[in-house]
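Both ligands and their constituent atoms are indexed starting at 1 by order of listing.
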Amino acid sequence: MRDLLRARTSLKEEIEILLNNQVKMEAEASAKYLAMASWCDRNGYRNSAAYFLKQSDEERGHMLKIFNYIMTVGGTAVSPEVPAVKQEFASFRSVFEAALQSEINVTQSINRIVTQTRREEDYATETFMQWFVNEQIEEEDNARRAIELFDVIGEEGTGRYHIDKAVLKLTSEN
Ligand code: FEO
């Protein structure tokens, strides 16, 4: 069955596997952001909770974009199994640090896919992945700017309250 499917598409199996892994990574990123939203909400950081909910939605959008691409080019898109994600964080700041680390990991994974598409001369997938290369610039920038708020505003006194307020502006400036 798989060989028959394979004969009907130019998508190489190796690329299909990488794309399905990326579907899974985006689904996991979406779940991670949900956990971050919940942590922020229950610790009184309502704007940050809203920010992470929005990020979670975006990650689901990324997942669907790749999922649809695999189907469009005749591959087998696999509904992802999402591993358990971290629900607790040591501090407000560490939530944003975890978010940045997660985005860096996604960027590296996307770069690996682009490298592989070049090796396999899969220019359609390489072109498709360019959207993600660009998107990651913005995603990492947002995450870094959020962390900068902790340094610029400072956490003392009502600092964290003001940081949470400033998070509101992070995505509206784009
Ligand atoms: Fe879809 Fe934020 O990486």
Exercise. Are any N, O or S atoms from Glu103 nearer to atom 2 (Fe) of ligand 1 than 2.8 Å?
Worked result: yes
Search all heavy atoms of [X] against all heavy atoms of [Y] and return the closest pair with its distance.
X: Ile70; Y: Ala77; value: CG2-N, 3.6 Å
X: Phe92; Y: Cys40; value: CE1-SG, 4.2 Å
X: Lys12; Y: Glu120; value: NZ-O, 2.9 Å

Exercise. Counting backbone and side-chain atoms alike, does Glu26 have an N/O/S atom under 2.8 Å from atom 1 (Fe) of ligand 1?
Worked result: yes
For this session: Mind running ring-ring contact (aromatic ring centres under 6.0 Å, His included) on Phe96 and Phe52 for me, showing each step along the way?
Result: CA-CA 10 Å; Phe96 286 93; Phe52 284 124; 4.9 Å; yes
Seminar exercise, completed: Looking at His62, the N, O or S atom sitting nearest atom 1 (Fe) of ligand 1 is ND1
Exercise. What is the name of the N/O/S atom in Glu139 that sits closest to atom 2 (Fe) of ligand 1?
Worked result: OE1
Problem set entry | Closest Glu59 atom to atom 2 (Fe) of ligand 1 [N, O or S only] | OE2
For this session: Establish, from distance only, whether the side-chain atoms of Tyr69 and Thr125 form a donor-acceptor pair under 3.5 Å.
Result: yes
